[in-house]
Each structure stands twice: as structure tokens, then as C-alpha cells.
Amino acid sequence: MQINTKETKKKVVKLHIQDGCTISRLAAEYGVCTATISNLIRSYREKCQTNDAAKSELELMQEVLRLRQELEESKKENEFIKKAAAFFAKEIG
């Protein structure tokens with residue numbers, strides 16, 4: 001799979017920024033070197049410096065990633081609390 005269309009480039013950037021995919025994983029998936037992916041991401045970030053729409057889109061992607069990470073952390077904490085509650089229920093009962 002090559003990165004030669006505008007849509008594919010945008011998808012790769014989104015996978016990295018919003019979904020947290022590593023550059024090396026994206027490079028392997030698309031069959032390109034890591035420098036190519038890095039250049040795409042750098043170019044997009046530079047575009048965000050002068051383009052308000054792109055900057056807004058970048059901020060939304062970053063917020064989605066932050067919220068996903070926060071949700072994952074909350075799920076882990078919730079699971080820990082459930083296990084602790086079950087443990088103490090056995091101890092008391």
C-alpha cells in the first residue's frame with residue numbers, strides 16, 4: 001500500500017495523532033520508511049501553524065486521543081476497584 005493520495009496521507013496522520021499508532025507501525029503497514037511518515041506528520045503540523053481549519057482539526061484529534069487514554073485509564077481503575085471490593089467482601093463475609 002502506498003501513500004500517494006491526499007486521503008491516504010490524511011489517514012496516516014490521523015492514525016498517528018488521533019489513534020496513537022507509532023510511526024514504525026505505520027511505516028511497516030504502508031510499506032514506506034519511517035522518514036516518510038515522519039515527514040508527513042511534520043508537514044501536517046507545519047500546515048496547522050498557518051491554517052486555522054487544520055489547526056482546529058489537529059486539536060480535535062489530540063483531544064480524541066487524550067479522551068481515549070483517559071477512558072482506558074478509568075477502565076483499569078474501575079477493574080481494580082471491582083477486584084478490591086470483591087476481596088474485601090470475602091474478608092468481611
Side-chain angles (χ1 to χ4, degrees):
M1 187 182 294
Q2 287 295 325
I3 303 175
N4 52 13
T5 66
K6 189 175 182 178
E7 293 80 23
T8 306
K9 290 175 182 178
K10 189 172 183 175
K11 180 180 178 181
V12 168
V13 169
K14 186 176 180 179
L15 285 168
H16 175 69
I17 296 172
Q18 180 174 302
D19 297 346
C21 290
T22 64
I23 290 173
S24 57
R25 178 176 167 217
L26 290 169
E29 184 175 329
Y30 285 90
V32 296
C33 65
T34 56
T36 301
I37 304 295
S38 294
N39 289 337
L40 280 175
I41 294 164
R42 182 180 36 76
S43 176
Y44 180 77
R45 289 185 186 274
E46 288 172 359
K47 178 182 174 185
C48 292
Q49 300 298 317
T50 58
N51 183 318
D52 288 339
K55 183 178 180 180
S56 178
E57 184 179 50
L58 172 64
E59 290 170 350
L60 286 173
M61 286 190 280
Q62 291 171 328
E63 180 70 2
V64 168
L65 178 62
R66 186 190 69 75
L67 290 171
R68 284 182 178 165
Q69 290 170 336
E70 189 176 303
L71 178 61
E72 188 62 32
E73 185 64 28
S74 293
K75 286 179 179 179
K76 289 177 185 176
E77 289 172 358
N78 193 28
E79 195 60 36
F80 175 78
I81 291 169
K82 285 180 183 178
K83 289 178 182 178
F87 171 79
F88 287 116
K90 285 182 184 177
E91 291 293 315
I92 293 172

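Just so you know, these numbers come straight off a predicted model, no measurement behind them.
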**Report entry** Euclidean distance, L60 CG relative to E57 CD, rounded to 0.5 Å
**Finding:** 8.0 Å

Query raised in the report: E79 and K76: salt bridge (Lys or Arg N to Asp or Glu O under 4.0 Å), yes or no, with the steps?
Result: CA-CA 5 Å; E79 195 60 36; K76 289 177 185 176; over 6 Å; no

Query raised in the report: Which of these, I3, I17, V32, sits in a side-chain contact (heavy atoms from CB on, under 4.5 Å) with V12?
Result: I3

**Report entry** Rounded distance [0.5 Å steps], NZ in K47 versus NZ in K55
**Finding:** 15.0 Å

Requested in this report: To the nearest 0.5 angstrom, please state how far the CD atom of Q18 sits from the CG atom of L58.
Outcome: 10.5 Å

**Report entry** Expected output: side-chain N78 to main-chain S74 donor-acceptor under 3.5 Å
**Finding:** no

Query raised in the report: Do the non-hydrogen side-chain atoms of T8 and Y30 ever get within less than 4.5 Å of each other?
Result: yes

Query raised in the report: Is L15 close to K11 at the side-chain level, that is, under 4.5 Å between some pair of heavy atoms?
Result: yes

Requested in this report: In sequence, state the C-alpha distance, the side-chain angles, and the governing distance for K14 and Y44, and then conclude on side chain to side chain contact (heavy atoms under 4.5 Å, CB included).
Outcome: CA-CA 10 Å; K14 186 176 180 179; Y44 180 77; over 6 Å; no

Report task. Using a strict 4.0 Å threshold on nitrogen-to-oxygen distance, state whether E46 and R42 make a salt bridge. Result -> yes

Report summary line: A54 and C48 have their tightest heavy-atom pair at O-SG, 3.4 Å

Query raised in the report: Could you give the distance from CE (M61) to OG (S56), rounded to the nearest 0.5 Å?
Result: 10.0 Å

Query raised in the report: Is it the case that more than 12 heavy atoms not belonging to R68 sit under 6.0 Å from its CZ atom?
Result: yes

Query raised in the report: Under a 4.0 Å N-O cut-off, is there an ion pair linking E7 with K10?
Result: no

Query raised in the report: Just by modelled atom types, is the T34 backbone N or O under 3.5 Å from a matching donor or acceptor in the S38 side chain?
Result: yes

**Report entry** Note, L26 side chain near H16 side chain (heavy atom, < 4.5 Å)
**Finding:** yes

Requested in this report: With E73 as reference, evaluate K75, E77, E70 under the side-chain contact (heavy atoms from CB on, under 4.5 Å) test and give the passing residue.
Outcome: E77

